[in-house]
Amino acid sequence: MKESPAVLSMKILISPAKKMRVDTDSLDCRGTPVFLSRTERLLAALRALSPDERRILWKCSQPLARQNDRLLQQADLRQNLTPALLAYDGIQYQYMAPGVFTYEEFDYVQAHLRFLSGFYGLLRPFDGVVPYRLEMQAKLSVDGAADLYAFWGDLLARRLADETDVIVNLASKEYSRSVLPHLSAGVRVVSCIFGEEKDGRIAEKATLCKMARGEMVRYMAQHCCQTPEEIQGFDRLGFRFVPECSDEKNYVFRKEGKKDAASRK
């Protein structure tokens with residue numbers, strides 16, 4: 001696989017997953033995260049906490065906290081790394097199914113896809129990572145910053161603005177909040193909304209949204225989409241673009257019921 005040239009191309013933002021896995025064999029990493037020095041500071045801050053403080057920060061059970069403690073103490077940010085694209089293992093990534101991407105699709109996502117992360121900040125698909133647990137909304141105080149939103153500040157937005165002037169936002173509100181408020185008016189952002197019609201409005205459901213976001217990334221890679229307008233053809237999982245509910249900043253995709261699907265036949 002060849003690395004795509006550095007050009008000002010559309011970027012796609014997605015959230016990470018809590019569940020992670022290690023796969024150091026399937027694909028080679030192509031680099032390290034751009035904000036690795038800041039990640040090292042977060043790692044040191046996490047290690048400085050007591051086990052109880054970390055469990056409260058992580059909002060998890062004792063057994064899961066002990067498992068995460070072991071990963072934290074063993075973490076080496078420069079060895080035994082997994083490409084970010086294969087490291088996350090949630091619903092969104094299952095529907096994205098990067099394990100069966102073609103070489104061309106791998107090159108596409110490396111050029112266009114960016115992961116938002118509380119621990120790493122901003123990741124390319126082939127950046128090498130280790131398993132971690134640190135959500136963007138975690139109240140971790142580092143370097144005088146009260147939380148991770150303050151710790152990352154406008155760094156992620158400025159980095160993205162150097163790479164693109166068009167963003168397709170597939171990230172959750174928790175993660176997009178770390179970028180969108182800091183972008184200049186010169187960067188066009190199109191956020192995708194996936195939902196079902198209920199009482200005359202589009203209602204989003206968490207699991208369905210995660211499924212659709214993963215499918216959308218796969219759709220974009222397969223169709224080599226270069227502009228937001230090209231994603232309006234997305235028609236997977238029963239979703240269809242709804243122009244009358246959409247505008248320049250928000251693309252609405254409504255899941256059709258059986259009657260809707262039947263009427264199109």
Side-chain angles (χ1 to χ4, degrees), residues 10-19 58-61 88-98 112-118 135-139 147-149 156-157 160 166-183 185 187-223 225-265:
M10 179 179 71
K11 294 296 181 280
I12 310 158
L13 297 184
I14 60 171
S15 307
K18 289 182 183 179
K19 186 178 179 182
W58 289 331
K59 298 179 181 179
C60 65
S61 64
Y88 297 110
D89 198 27
I91 294 172
Q92 176 176 243
Y93 294 87
Q94 293 167 18
Y95 278 79
M96 190 190 306
H112 295 277
L113 187 62
R114 296 294 180 264
F115 306 80
L116 299 175
S117 164
E135 296 179 59
M136 187 65 80
Q137 60 188 357
K139 301 293 185 181
D147 55 25
L148 293 180
Y149 292 113
L156 312 185
L160 283 164
V166 180
I167 290 173
V168 171
N169 175 34
L170 296 175
S172 66
K173 291 180 180 178
E174 173 192 346
Y175 283 91
S176 60
R177 179 184 158 195
S178 67
V179 171
L180 302 192
H182 304 290
L183 291 171
V187 179
R188 180 189 178 194
V189 178
V190 176
S191 295
C192 294
I193 299 167
F194 302 95
E196 297 176 304
E197 189 166 347
K198 184 178 180 181
D199 299 328
R201 64 182 184 87
I202 301 297
E204 295 183 278
K205 295 181 180 178
T207 299
L208 200 58
C209 284
K210 291 175 183 178
M211 293 163 57
R213 288 166 182 159
E215 280 282 1
M216 177 61 88
V217 173
R218 183 164 186 76
Y219 175 90
M220 295 175 77
Q222 289 178 332
H223 290 81
C225 295
Q226 303 298 323
T227 67
E229 287 71 24
E230 292 175 72
I231 72 175
Q232 294 178 7
F234 178 76
D235 59 356
R236 300 182 179 180
L237 301 177
F239 284 99
R240 286 188 181 273
F241 177 65
V242 188
E244 62 269 24
C245 297
S246 305
D247 55 37
E248 291 185 355
K249 295 183 178 180
N250 296 283
Y251 281 6
V252 175
F253 296 86
R254 182 178 59 210
K255 188 172 179 62
E256 296 184 321
K258 293 181 179 180
K259 291 182 178 179
D260 297 316
S263 68
R264 293 184 180 273
K265 292 182 179 179

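Keep in mind that what you see is a predicted model, and the values were worked out from it rather than measured. Each residue takes its place number in the sequence, starting with 1.
- Interatomic distance, CD1 of Ile14 versus SG of Cys192, reported as 12.5 Å (0.5 Å rounding).
- Side-chain contact between Met220 and Val168: present, with at least one pair of heavy atoms (C-beta onward) separated by less than 4.5 Å.
- Contacts of Asp247 classified as side-chain contact (heavy atoms from CB on, under 4.5 Å), with partners at least two apart in sequence or in another chain: Lys249, Asn250.
- Gln92 places no side-chain N or O within donor-acceptor distance of the main-chain N or O of Ala17, the cut-off being under 3.5 Å.
- Residues passing the side-chain hydrogen bond (donor to acceptor under 3.5 Å, both in side chains) test with Ser172, sequence neighbours excluded: Ser15.
- Taking NZ from Lys173 and CG from Leu180, the interatomic distance works out to 11.5 Å, rounded to the nearest 0.5 Å.
- Arg213 pairs by the side-chain hydrogen bond (donor to acceptor under 3.5 Å, both in side chains) definition with nothing, not counting sequence neighbours.
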Point to revise | Candidate pair Phe253 and Met216, rule side chain to side chain contact (heavy atoms under 4.5 Å, CB included), full reasoning | key: CA-CA 11 Å; Phe253 296 86; Met216 177 61 88; 3.7 Å; yes
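- One finds the CG atom of Leu156 at 12.5 Å from the CZ atom of Arg114 (value rounded to the nearest 0.5 Å).
- Ser176 approaches Pro181 most closely through the heavy-atom pair O-CD, 3.9 Å.
- Put simply, the side chain of Glu135 reaches to within 4.5 Å of the side chain of Tyr175, judged on heavy atoms.
- Looking at heavy atoms from C-beta onward, Leu170 lies in side-chain contact with Phe194 at the 4.5 angstrom threshold.
- Residues passing the side-chain contact (heavy atoms from CB on, under 4.5 Å) test with Lys205, sequence neighbours excluded: Glu196, Leu208.
- A heavy-atom distance below 4.5 Å is found between the side chains of Leu237 and Tyr95.
- Side-chain contact between Leu183 and Val189 is present, with at least one heavy-atom pair separated by less than 4.5 Å.
- Closest approach of Phe239 and Ala212 over heavy atoms only: CE1-CB, 3.8 Å.
- Distance check: Asp147 CG to Lys139 NZ gives 5.0 Å after rounding to the nearest 0.5 Å.
- In this structure, the side chains of Val166 and Pro228 come closer than 4.5 Å at one or more pairs of heavy atoms.
- Minimum interatomic distance between Leu116 and Ser178 (heavy atoms only, all atoms of both residues): CD1-OG, 4.2 Å.
- For Ser117, the side-chain hydrogen bond (donor to acceptor under 3.5 Å, both in side chains) partners at least two apart in sequence or on another chain are Tyr132.
- Gln137 is listed as a side-chain neighbour of Tyr149, based on a closest heavy-atom distance under 4.5 Å.
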Exercise answer: donor-acceptor pairs, residues 229-236 side-chain atoms, under 3.5 Å, sequence neighbours excluded:
residue	atom	partner	partner atom	Å
Glu229	OE2	Arg188	NH1	3.0
Glu229	OE2	Arg188	NH2	2.9
Glu230	OE2	Gln226	N	2.9
Glu230	OE2	Thr227	N	3.0
Glu230	OE2	Thr227	OG1	3.1
Gln232	NE2	Tyr251	OH	3.2
Arg236	NH1	Gln222	OE1	3.0
Arg236	NH2	Gln222	OE1	2.5

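- Considering CE of Met136 and CG of Leu148, their distance stands at 6.5 Å, rounded to 0.5 Å.
- In this structure a side-chain-to-backbone donor-acceptor pair under 3.5 Å is missing from His112 to Ile12.
- The nearest pair of heavy atoms linking His182 to Ala157 is CB-CB, 3.4 Å.
- Between Ile202 and Arg254, some side-chain heavy-atom pair lies under the 4.5 Å cut-off.
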